Amino acid sequence: VPPPPLLVRDVFSTLRKISVQTGTGSNRQKKNLIVKLMRSCREKEIKFLVRTLARNLRIGAMLRTVLPALGRAVIMNSLWKCHNNEPSENCFREKLEGISAAVVEAYNILPSLDVVVPSLMGKDIEFSTSTLSMVPGIPIKPMLAKITNGVQDVFKLFQDKAFTCEYKYDGQRAQIHQLLDGTVRVFSRNGDETTSRFPDLVGVIKQFASPAAETFMLDAEVVATDRKNGNKLMSFQELSTRERGSKDTSITTESIKVEVCVFVFDIMFLNGEQLLALPLRDRRKRLNDVFPETRPGYLEYAKEITVRAEEASLDNQDTLLKINAFLEEAFQSSSEGIMVKSLDADAGYYPTKRSDSWLKVKRDYVDGLGDTLDLVPIGAWHGNGRKAGWYSPFLMACFNPETEEFQSVCRVMSGFSDAFYIEMKELYSEDKILTKKPPYYRTGETPDMWFPAEVVWEIRGADLTVSPVHHAALGLVHPSRGISVRFPRFIGKATDRNPEECSTAADIAEMFHAQTRKMNIKSQH
DNA sequence: TTTGTCTGCCCC
DNA sequence: ATTCTGC
DNA sequence: GCAGAATGGGCAGACAAA
């Protein structure tokens, strides 16, 4: 007897069951449930089931596909109801696009289908963004920034406009809400609740927020800080060692091993009023009302300088010097770089959408400023999806002349053109593929194939990290861990170099020590 | 209990 | 997070 | 100019296996 066909309701309830399984033996239970589902699959169902489980079908299609479709469905339904004959093509299309956009916009500030859908159904073609408002407790999509290749680029976009430069702290984005009942909740960049990880932060917000501020939503960066050492800012890597807590259990204030400081920089909502349309200059005034006082090492405003409209010109040498000095100061103060934001013109808070009203300048975007390594490809994996049939990523190594080893530094998959992949596929074939790992390759990685060390590539990254898997400079910085690189990408071939002339373990150890912002080795075991 | 491996609409 | 490609 | 795809380092936590 074949198993019964799949019904949406049963698939859904099984997925629910899988999602709540925890503890010893839970993996086996989950496996059994999945096998049961799979046995009932007909034709293409198995493909969609597997992709749903393996995350490939959870592709974030909500904003671009599902919501416009919802808008369409409602409009088509209602227009056909009131016109017996088909409405004119043009008017129809306009209406569709208008409502689709309105639904997306509404979801950006109120990402809850439970709220948006009933409103859409109720208002029908009268639906517009203004019929809905932000709700403390539901995080809005955060505003994002665009990469800028140096201060010159900034002027192109902000010529004759007043703007501000703020430190870009290397921590974790936090959207902080205070609800009507006084509760404070913290959300991550992706809208996940992280309140349980930051009980101390909740306390600080409650303590410093003006009593006149009953409800609000703030944008901020949480940064690891060393209070015993003059509130020196610590690395992102250090911040990430903080405990996480779970959905219903906070970490305890006593168990906190990494202290944090919150740097606030924006406010989107205050006492029932939506502030998204206000220019940044005015939002800042509101933010100042909420926090009339701050405390170093606990709660601070993001450090900033303001450039007046009449100063905002590439010919203005003073402005250029001022910004470059500020950028340099940001680097010295353990920041990643600066954020540049228009203050008056086009200076609203645009959730997710108009992602270019904020600019970011980091050392590694600017030619000639960032750290660059000369590394040797020593292996690779088989690529997936559109990179199937090519090598991706590659495993890169430095050379240690003391031990005569090639020690892995990082994988890299970014920065290659399609043409380069094809070239590498041809180059690394037949006798250029080793049958096993040479003994003088040192790495915790196991690539699909090993290559002979023959060429050198230039690799750029944001900064160097202490690694559990890569063995570059092992023993030089840390007894059992090597050095790796954050955000690695391929810049080009270093055609003039032999593999023995690539970056050495000693070079990399020295670069690590030269960093302002780095993992504190002594605190490690 | 301890150690090893894998995952995360993770964080960057 | 970064980058390239296709639309 | 934008979305989409394919992936980077590294952490704590969760689970399985020893």
Side-chain angles (χ1 to χ4, degrees), chain A residues 19 21-31 52-65 111 144-147 168-174 187-194 196-197 221-224 235-247 249 251 257-258 336 352-356 360 362 364-365 370 380-388 390-396 408-421 444-446 459-470 472 481-491 517 519 524:
Chain A
S19 75
Q21 290 280 341
T22 58
T24 308
S26 61
N27 270 11
R28 201 159 40 83
Q29 286 294 321
K30 289 192 227 176
K31 224 178 276 176
T52 300
L53 292 165
R55 193 167 168 282
N56 293 314
L57 214 57
R58 287 137 77 189
I59 51 176
M62 192 64 84
L63 281 166
R64 278 168 286 281
T65 311
L144 304 171
K146 203 183 176 186
I147 288 173
K168 185 182 190 306
Y169 297 94
D170 190 14
Q172 189 175 323
R173 187 89 175 257
F187 299 92
S188 75
R189 184 192 141 124
N190 295 322
D192 285 329
E193 176 147 20
T194 51
S196 64
R197 197 181 188 194
E221 188 83 4
V222 177
V223 189
S235 66
F236 173 78
Q237 201 173 6
E238 219 112 20
L239 175 65
S240 62
T241 65
R242 199 181 233 240
E243 296 168 277
R244 286 165 192 193
S246 65
K247 194 149 201 291
T249 44
I251 69 175
K257 50 181 178 177
V258 180
E336 290 183 281
T352 227
K353 183 171 66 170
R354 198 96 75 88
S355 49
D356 320 345
K360 52 179 171 180
K362 299 211 283 185
D364 54 301
Y365 302 155
W381 286 261
H382 297 295
N384 292 303
R386 75 178 296 280
K387 295 187 182 177
W390 299 336
Y391 298 124
S392 179
F394 290 91
L395 181 62
M396 307 300 300
S408 78
V409 175
C410 63
R411 304 180 185 194
V412 64
M413 60 88 199
S414 195
F416 302 109
S417 66
D418 287 5
F420 188 85
Y421 281 117
E445 294 276 30
T446 316
I459 303 294
R460 171 133 59 197
D463 36 54
L464 302 175
T465 53
V466 183
S467 175
V469 294
H470 294 290
R481 305 180 70 182
I483 296 296
S484 188
V485 57
R486 183 146 79 136
F487 311 141
R489 58 266 201 194
F490 172 81
I491 299 302
R517 177 167 40 102
M519 179 67 117
Q524 298 243 308

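Small disclaimer: the values here were computed from a predicted structure and weren't measured. In what follows, chains carry the letters A, B, and so on, assigned in the order in which the sequence lines appear, proteins first and then strands, with residues in each chain numbered from 1.
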Distance test, side-chain N/O of A/K360 to OP1/OP2 of C/dT2, below 4.0 Å: yes
Mate of C/dC4 where both pairing distances stay under 3.5 Å, Watson-Crick or G-U: D/dG4
Closest listed nucleotide, where the reference is the side chain of A/R173 and the choices are C/dT5, B/dC12, C/dT2: B/dC12
Given DNA chain D, 5'-ward residue of the pair A/R386 and A/S484, judged by closest heavy atom: A/R386
Euclidean distance, atom CZ of residue A/F487 to atom C1' of D/dT7 [Å, nearest integer]: 13 Å
Nearest-0.5 Å distance, CG of residue A/D463 to NZ of residue A/K362: 8.0 Å
Spacing of A/Q237 atom CD and A/L464 atom CG [to the nearest 0.5 Å]: 10.5 Å
Sugar-phosphate only, base, or nothing, as touched by A/K30 at under 4.0 Å among non-hydrogen atoms: nothing
N-O pairing of A/R486 and A/D364 below 4.0 Å: no
Sugar-phosphate only, base, or nothing, as touched by A/S414 at under 4.0 Å among non-hydrogen atoms: base
Nearest-nucleotide pick for A/S26, side chain only, options being D/dC15, D/dG10, B/dC11: D/dC15
Value in whole Å for how far the P atom of C/dA1 lies from OH of A/Y365: 7 Å
Pair of N/O donor and acceptor under 3.5 Å linking D/dC11 base with A/R244 side chain: yes
Phosphate contact (D/dG10 OP1 or OP2) by A/T465 side-chain N/O below 4.0 Å: yes
CZ-CD distance between A/F236 and A/Q172, expressed to the nearest 0.5 angstrom: 6.5 Å
Result of checking A/Y391, A/W390, A/F490 against A/Y421 for ring-ring contact (aromatic ring centres under 6.0 Å, His included): A/W390
A/R489, nearest nucleotide to its side chain (from C/dC4, C/dT3, B/dC12): C/dT3
Identified pairing partner of D/dG10, criterion: Watson-Crick or G-U wobble below 3.5 Å: B/dC10
Integer-rounded Å distance: C/dT3 P and A/R460 CZ: 8 Å
Under 4.0 angstrom between A/Q237 side-chain N/O and B/dC12 OP1 or OP2: no
Gap between atoms CG and P, on A/D192 and B/dC10 respectively (whole Å): 6 Å
Spatial distance of atom CD (A/E243) from atom OG (A/S196) [nearest 0.5 Å]: 10.5 Å
Length of the CZ-P vector between A/R481 and D/dG9, whole Å: 13 Å
Sugar-phosphate, base or nothing in reach of A/Y421, heavy atoms under 4.0 Å: nothing
5′-ward residue of the pair A/D364/A/A419 relative to DNA chain C: A/D364
Phosphate OP1/OP2 of D/dG10 contacted by A/S240 side-chain N/O (<4.0 Å): no
Nearest-Å distance for atom pair CZ/P, residues A/R486 and B/dC12: 10 Å
Residue A/E445, side-chain heavy atoms: nucleotide from D/dG10, D/dG9, D/dC15 that is nearest: D/dG9
Rounded distance in Å between the P positions of B/dC11 and D/dA3: 22 Å
Sugar-phosphate, base or nothing in reach of A/K168, heavy atoms under 4.0 Å: nothing
Sugar-phosphate, base or nothing in reach of A/G25, heavy atoms under 4.0 Å: sugar-phosphate
Least distance between heavy atoms, A/A174 atom then A/V222 atom: CB-CG2, 3.7 Å
Spacing of the C1' atoms in B/dC12 and B/dG8 (rounded, Å): 13 Å
Sugar-phosphate only, base, or nothing, as touched by A/G461 at under 4.0 Å among non-hydrogen atoms: nothing
DNA chain D: 5'-proximal contact among A/I483 and A/E243 (nearest heavy atom): A/I483
Main-chain N/O of A/R197 paired with A/R242 side-chain donor or acceptor, under 3.5 Å: yes
Sugar-phosphate only, base, or nothing, as touched by A/D170 at under 4.0 Å among non-hydrogen atoms: nothing
Spacing of A/W390 atom CH2 relative to D/dT7 atom P, expressed in whole Å: 11 Å
Nearest listed nucleotide, side chain of A/Q172, among B/dC11, D/dA6, D/dG9: B/dC11
Minimum-distance nucleotide to A/M413 side chain [options: C/dT5, D/dG10, C/dT2]: C/dT2
Whole angstrom value for the distance that separates P of D/dA12 from CG of A/L239: 11 Å
Candidates D/dA16, D/dC11, D/dA6 - which lies nearest the side chain of A/K387: D/dA6
Among D/dC15, D/dA5, D/dG8, the one nearest A/P488 by side-chain distance: D/dG8
Touch class at under 4.0 angstrom, heavy-atom based, for A/F490 against every strand present: nothing
Phosphate-side-chain proximity, A/K146 and D/dG1, N/O vs OP1/OP2 below 4.0 Å: no
